[in-house]
There are 2 protein chains.
Amino acid sequence: MTTIKLPGLIDPHVHVRDLNQSHKEDWDSCTASALAGGITCVMAMPNTQPPITNLESLKMQQEAARARARCDYGIFLGAGVENIETAHTLASQTSGLKMYLDQTFGPLRLDNLDSLVAHAERWDKNRPLLCHAEGRTVAAAILVAHLANRSVHICHVSRKDEIELIAAAKMKGIQVTCEVCPHHLFLTLEGCRLPAGYIEVRPRLATQEDVDALWANLEAIDCFATDHAPHTRQEKESDSPPPGYPELETALPLWLTAIHENRLTLDDIVKRMCNQPQKIFGVPTQADTWIEIDTDLEWTVRGETMFSRAKWTPFEGWKMKGKVTAVYLREELVYDGEKVLAPLGTGRNINEETL
Amino acid sequence: MTTIKLPGLIDPHVHVRDLNQSHKEDWDSCTASALAGGITCVMAMPNTQPPITNLESLKMQQEAARARARCDYGIFLGAGVENIETAHTLASQTSGLKMYLDQTFGPLRLDNLDSLVAHAERWDKNRPLLCHAEGRTVAAAILVAHLANRSVHICHVSRKDEIELIAAAKMKGIQVTCEVCPHHLFLTLEGCRLPAGYIEVRPRLATQEDVDALWANLEAIDCFATDHAPHTRQEKESDSPPPGYPELETALPLWLTAIHENRLTLDDIVKRMCNQPQKIFGVPTQADTWIEIDTDLEWTVRGETMFSRAKWTPFEGWKMKGKVTAVYLREELVYDGEKVLAPLGTGRNINEETL
């Protein structure tokens with residue numbers, strides 16, 4: 001057994017749900033799931049019910065998080081056509097502005113060039129501007145941010161043309177960062193044996209060529225993000241299955257297993273799940289916070305044993321090598337390899353200024 | 001009466017039709033219409049029947065033009081997914097590569113980022129790359145061209161957000177040019193009294209705010225282009241009216257009338273219908289070629305008197321001030337203010353190298 005210590009990991013793309021979707025997940029179950037995955041800080045997406053688009057809805061989520069989060073957190077604001085003039089006034093209380101430019105789960109969606117430009121121009125240049133953008137929309141988002149003299153973060157990049165475009169933009173000195181999710185690095189649409197409804201995710205699973213291109217362009221990938229997006233089995237088995245996979249507890253084990261396969265180094269992981277997310281999303285250093293990993297522990301993924309309320313995983317039955325054995329948050333043992341010990345409300349909002 | 005002489009004008013966006021759509025227009029009627037409008041060089045769009053996408057279809061259009069064109073011409077190639085590897089081999093025989101990235105008339109259409117990038121990278125950097133792009137797609141096309149270290153020409157810009165984006169990109173030193181059509185400068189969707197089918201055009205007519213923004217950003221507009229797109233009355237009155245207006249004979253009169261209204265200067269017109277199209281599209285100087293204009297002649301637009309086979313116009317009944325009274329092509333009088341005198345086959349292909 002080889003035990004190593006790493007800093008607490010940061011996941012910049014988590015759907016915490018809560019409030020009107022607590023049956024899927026809430027701050028309690030989501031952050032327990034994060035800790036069990038070695039993640040000590042989650043950044044919460046705003047396509048909740050209600051969506052986080054104004055002071056009132058932000059405050060509701062902040063209160064829910066304050067009451068129930070077991071690990072640290074930041075909350076993103078959602079960009080809509082109705083908050084173009086007000087979103088930026090909430091910047092200091094959020095971890096960034098998320099723009100949904102292509103199909104996603106929930107009602108937040110920006111379709112037009114003018115609203116994209118308006119948000120890019122108005123949003124705080126020192127806070128991240130994040131885009132759900134696919135295909136040509138990735139190119140549009142990068143140009144619009146470039147013309148607004150600001151950086152942009154492209155979420156869950158999934159395709160060859162997208163990662164190559166981002167790599168080319170970086171080469172040209174354009175300020176763009178990006179993240180890639182485990183499912184887009186380990187699953188293909190053709191090879192995936194998930195039942196029909198379970199397979200749904202946005203961006204969709206892609207081809208082996210896309211997966212290969214993501215691995216080939218690892219240097220252009222700033223962050224690994226889970227896009228943890230829990231839905232119940234019943235919902236996934238329904239006639240209109242919502243897109244998304246729960247992934248907080250499998251991400252790090254997948255990366256650790258990839259180390260054994262010589263596809264990644266430990267440094268690759270720390271860079272993309274700690275140093276770079278910290279820098280991009282302005283996450284303060286989590287003092288006296290670390291995780292312990294048994295890099296040789298072999299285990300089999302089982303959704304039913306997970307802390308996430310979804311109780312299923314797209315990696316069901318996968319053999320992993322490497323597991324989190326302990327998580328310490330501010331010197332306190334908050335996960336012991338089996339149980340989450342952090343009480344509700346342990347987590348802190350990483351954005352100092354709260355309402 | 002004030003008669004002035006101008007160089008022959010260039011229209012970089014003309015749907016000549018011909019071949020399987022000769023009932024709408026052909027090189028004969030289209031170039032007669034051009035000459036009557038003071039235009040001595042037309043650039044023909046490739047969304048014909050069959051579309052111009054390879055050597056064979058290019059040759060068919062070249063032969064049709066050689067036989068019937070009454071004024072000079074260039075022919076654009078159409079970009080498809082099937083000619084990514086071959087299009088650039090035909091570059092020297094064309095006036096540019098047209099990419100249809102948004103909804104248009106005909107089957108040519110590129111939807112994906114990868115095909116857009118592939119054409120932008122492969123197409124001759126000294127020949128124009130033209131895009132039918134609307135909204136966010138304008139931003140995508142500009143970034144993709146920028147990353148491929150080449151210029152891009154945005155066709156028929158119609159909206160405020162688009163022209164402002166282009167102006168911002170130019171300010172940033174990005175190589176982008178654009179054109180605007182008379183109908184987007186003189187008509188709005190709300191104000192237009194055309195019957196339902198006749199009103200259809202792509203990009204659609206926009207709002208007064210869009211029209212005002214185009215006029216306000218005149219400096220960012222490199223060319224005036226007609227997007228002359230003839231369809232028969234019967235087609236426009238059908239259940240699925242095709243988009244497009246015939247405009248070769250009304251463009252210059254509209255600009256001349258705008259001079260009287262102090263909205264344009266003669267220099268604005270010459271720059272955008274001669275000097276800049278010449279430069280952008282590599283049109284050789286048309287020696288001993290000029291047009292004569294009576295700037296004070298008042299007349300009323302009547303579609304039925306036009307040379308275009310469509311025999312209707314979106315400007316029916318409009319009062320104009322200014323009219324072409326003579327056109328000379330290589331010293332020959334080819335239009336006398338009433339009749340087109342140029343015989344079929346008078347026109348030359350401006351791209352020296354022919355098949």
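Each chain gets a letter, A, B and so on, in the order the sequences are listed, and its residues count up from 1.
- Here the CG-CE distance, from B/L147 to A/M171, works out to 11.0 Å after rounding to the nearest 0.5 Å.
- Nearest heavy atom pair, residue B/R136 against residue A/D102, reads NH2-OD1, 3.8 Å.
- Residues A/H146 and B/K172 come closest through the heavy atom pair O-NZ, 3.0 Å.
- Atom-to-atom distance recorded for B/D161:CG and A/D114:CG is 4.5 Å, nearest 0.5 angstrom.
- Between B/L113 and A/G135, the shortest heavy-atom distance links the atoms CD2-O, 3.5 Å.
- Contact annotation for B/L165: both backbone and side-chain heavy atoms come within less than 4.5 Å of a heavy atom of chain A.
- For A/L101, the parts lying under 4.5 angstrom from a heavy atom of chain B are both the backbone and the side chain.
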